[in-house]
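Note that the coordinates shown come from a computational prediction; the quantities given were computed from them, not determined experimentally. Residue indices begin at 1 and follow the sequence shown.
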Amino acid sequence: MKRRMADSTTRILSVVLVLALLVLVSEFASAQPRSVTSFFVEEAKLTAPDGSEWDSFGYSVSVSGDTIVVGASGDNGRGSAYIFERVEGTANWVQVAKLTASDGVVGDVFGASISISGDTVVVGAFLDDDSGQSSGSAYLFESPEGGWIDASETAKLTASDGAASDYFGHSVSVSGDTVVVGAPLDDDGADRSGSVYVFEKPEGGWSDLNETAKLTASEAVPVGFLGRSVSISADTVVAGAYGDDDNGEYSGSAYLFEKPVSGWIDMTETTKLKASDGAPGDYFGVSVSVDGDTVVVGAFLARVSGAECGSAYLFEKPVTGWTDMTETAKLSASDGAGEDYFGYSVSVSGDTAVVGADGDDDSESSSGSAYVFERPGTSWTDITETTKLTATDGNGFDIFGWSVSNSGGTVVVGAQGDSDNGEHSGSAYVYAPFRASAWVYLPVVLR
């Protein structure tokens with residue numbers, strides 16, 4: 001008996017020591033340049049507690065740390081945004097607040113675009129009529145000291161030259177104390193050439209205000225739709241213009257703006273980004289994302305092997321600084337097929353890029369999927385995905401991948417067509433990385 005007890009104790013101690021060693025190995029590995037060794041698991045499915053049909057919950061998503069914001073542009077006909085926070089130390093997410101516009105009316109589509117950075121959330125309502133029918137607006141929310149609660153905005157952002165059908169708020173992005181808002185139908189340079197507005201937090205705090213600066217293309221293209229998508233990281237702004245025609249009609253491009261030393265001013269681009277293999281109808285620039293010195297641009301109708309599968313293009317800042325250039329690497333799906341719409345949504349954070357393909361048919365027609373790409377070694381190259389994400393309960397026309405966001409290893413994917421709470425009520429899925437390599441030997445240890 002004593003020998004069996006000693007053997008049992010020895011086995012337990014061995015397991016503990018091995019687990020401790022594996023934790024150290026995992027921590028060491030996480031500090032190294034990442035190779036393709038991880039996969040992602042579904043952590044949670046988010047839905048609106050008060051969800052109903054045609055809410056389109058998941059139309060937009062954004063994550064920052066342990067906070068997720070999900071837009072429901074059809075909620076009550078006006079739109080809303082839901083904030084979820086992770087329960088500390090768990091894989092559970094709970095809704096903590098619902099955000100609405102103080103002056104919201106039916107048809108504003110509040111929540112069609114969303115961005116979060118720290119304690120600041122920006123929500124676009126591009127059909128708001130403040131400066132004319134569908135001129136658009138954006139609403140800014142700050143977390144109170146006690147944490148997020150159901151609230152109306154801290155400030156409402158509008159364009160000083162707003163006009164009917166500008167669609168200001170079609171895209172939004174926030175980084176620290178700077179907000180950018182796209183108005184893709186603005187007519188300043190040419191008919192629907194589009195523009196982007198920059199807002200900086202005043203010394204006295206956020207309040208209703210007009211822009212600090214307006215960003216435009218140096219060569220405005222009619223129906224260029226600059227600002228259809230926007231993204232900001234520190235002092236770098238990227239805006240997609242999928243209607244640009246450098247490589248043919250609707251081939252598309254993306255414009256990158258860097259903040260001047262003297263501060264943001266009305267200006268044209270620092271550089272223009274294009275696809276090396278751009279072709280008419282690619283819609284390059286339908287989605288953009290920037291993090292530090294890395295930019296990802298989606299082209300959801302780009303042709304791969306003759307089919308409109310879609311592609312995403314990754315750009316890294318050259319040592320000598322940004323310049324007009326083509327991609328560093330091209331990202332594609334290993335199983336891409338026509339009308340997958342790969343690249344309709346994109347997000348990059350650190351060494352991880354996520355690309356949505358809401359037209360993918362893996363579960364059923366347009367059930368949708370999303371692809372995760374991890375930087376191989378020390379530099380990006382043309383690659384296919386590390387991991388493919390799909391919903392465990394995916395159904396036809398869920399359009400999973402319509403929106404994507406990632407931050408610090410957490411990936412959020414919107415499926416605005418999901419029908420759990422009624423037709424097109426919508427949902428969002430949360431994924432976290434799981435490194436299998438450290439656990440492969442556990443079954444042997446536990447025998």
Side-chain angles (χ1 to χ4, degrees), residues 25-40 175 229 231-238 240 252-258 269-278 282 284-285 287-299 302 304 309-336 342-343 345-357 370-389 404-411 431 433-438:
V25 169
S26 177
E27 290 297 322
F28 175 77
S30 67
Q32 307 307 305
R34 290 201 287 181
S35 58
V36 181
T37 56
S38 66
F39 64 92
F40 284 70
S175 176
S229 54
S231 182
I232 181 174
S233 176
D235 293 334
T236 303
V237 172
V238 181
S253 62
Y255 293 80
L256 185 146
F257 304 81
E258 288 185 296
E269 75 277 1
T270 304
T271 190
K272 188 174 183 179
L273 310 178
K274 296 186 294 185
S276 60
D277 57 355
D282 280 356
F284 177 99
S287 56
V288 298
S289 181
V290 57
D291 182 44
D293 292 336
T294 306
V295 174
V296 179
V297 182
V304 179
C309 306
S311 300
Y313 297 79
L314 187 142
F315 301 78
E316 288 185 296
K317 185 176 182 177
V319 175
T320 54
W322 287 109
T323 183
D324 289 0
M325 60 185 290
T326 55
E327 73 278 358
T328 306
K330 184 175 180 179
L331 312 179
S332 55
S334 59
D335 60 352
F342 176 97
S345 57
V346 298
S347 178
V348 62
S349 175
D351 294 333
T352 303
V354 183
V355 181
Y371 296 77
V372 179
F373 298 80
E374 293 181 285
R375 186 175 70 178
T378 57
S379 62
W380 287 98
T381 58
D382 291 358
I383 55 173
T384 55
E385 73 279 356
T386 307
T387 305
K388 182 176 181 179
L389 308 179
V404 297
S405 182
N406 72 309
S407 172
T410 300
V411 174
Y431 296 83
F434 178 82
R435 294 194 175 273
S437 56

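Every residue meeting the ring-ring contact (aromatic ring centres under 6.0 Å, His included) condition with Tyr371, not counting sequence neighbours, appears here in chain and number order: Phe342. Every residue was checked against the side-chain hydrogen bond (donor to acceptor under 3.5 Å, both in side chains) condition with Thr270, not counting sequence neighbours, and none meets it.
In this structure, CG on Asp293 lies 7.0 Å from OG1 on Thr236, to the nearest 0.5 angstrom. With rounding to the nearest 0.5 Å, the separation of OG in Ser253 from CG in Leu256 is 12.0 Å. Taken from OH in Tyr431 to OG1 in Thr387, the straight-line distance is 11.5 Å, to the nearest 0.5 Å. Atom CG of Asp382 sits about 7.0 Å away from atom CD of Glu327, to the nearest 0.5 Å. Rounding to the nearest 0.5 Å gives a distance of 10.5 Å between OG1 of Thr328 and CH2 of Trp380.
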Practice item. Tell me, with the steps shown, if Asp351 and Glu374 meet side-chain contact (heavy atoms from CB on, under 4.5 Å). Key: CA-CA 6 Å; Asp351 294 333; Glu374 293 181 285; 6.0 Å; no
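A side-chain donor-acceptor contact under 3.5 Å links Ser175 to the backbone of Ala234.
Judged purely by distance below 3.5 Å, without hydrogens or angles, the side chains of Tyr313 and Asp282 never pair a donor atom with an acceptor atom. Side-chain atoms of Ser347 and Asn406 form a donor-acceptor pair, as typed in the model, at a separation below 3.5 Å.
Using a 4.5 Å heavy-atom threshold, the side chains of Val355 and Val404 count as separate. Within the 4.5 Å cutoff, the side chain of Val346 has no heavy atoms near those of the Val297 side chain. For the pair Val411/Leu389, a side-chain contact is recorded, criterion being any heavy-atom separation below 4.5 Å from C-beta on.
Closest heavy-atom contact between Val296 and Ala312: CG1-CB, 4.2 Å. Across all non-hydrogen atoms, the minimal contact from Cys309 to Val304 is SG-O, 3.8 Å. The two residues Asp277 and Lys330 make their nearest non-hydrogen contact at OD2-NZ, 2.6 Å. Scanning all heavy atoms of the two residues, the minimum distance from Ser289 to Ser231 falls at CA-OG, 3.6 Å.
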List the atom pairs, donor and acceptor, that lie under 3.5 Å between side-chain atoms in residues 317-326 and the rest of the protein, sequence neighbours left out.
| from | atom 1 | to | atom 2 | distance (Å) |
| --- | --- | --- | --- | --- |
| Lys317 | NZ | Glu258 | OE2 | 3.3 |
| Asp324 | OD1 | Thr271 | OG1 | 3.0 |
| Asp324 | OD1 | Lys272 | N | 2.8 |

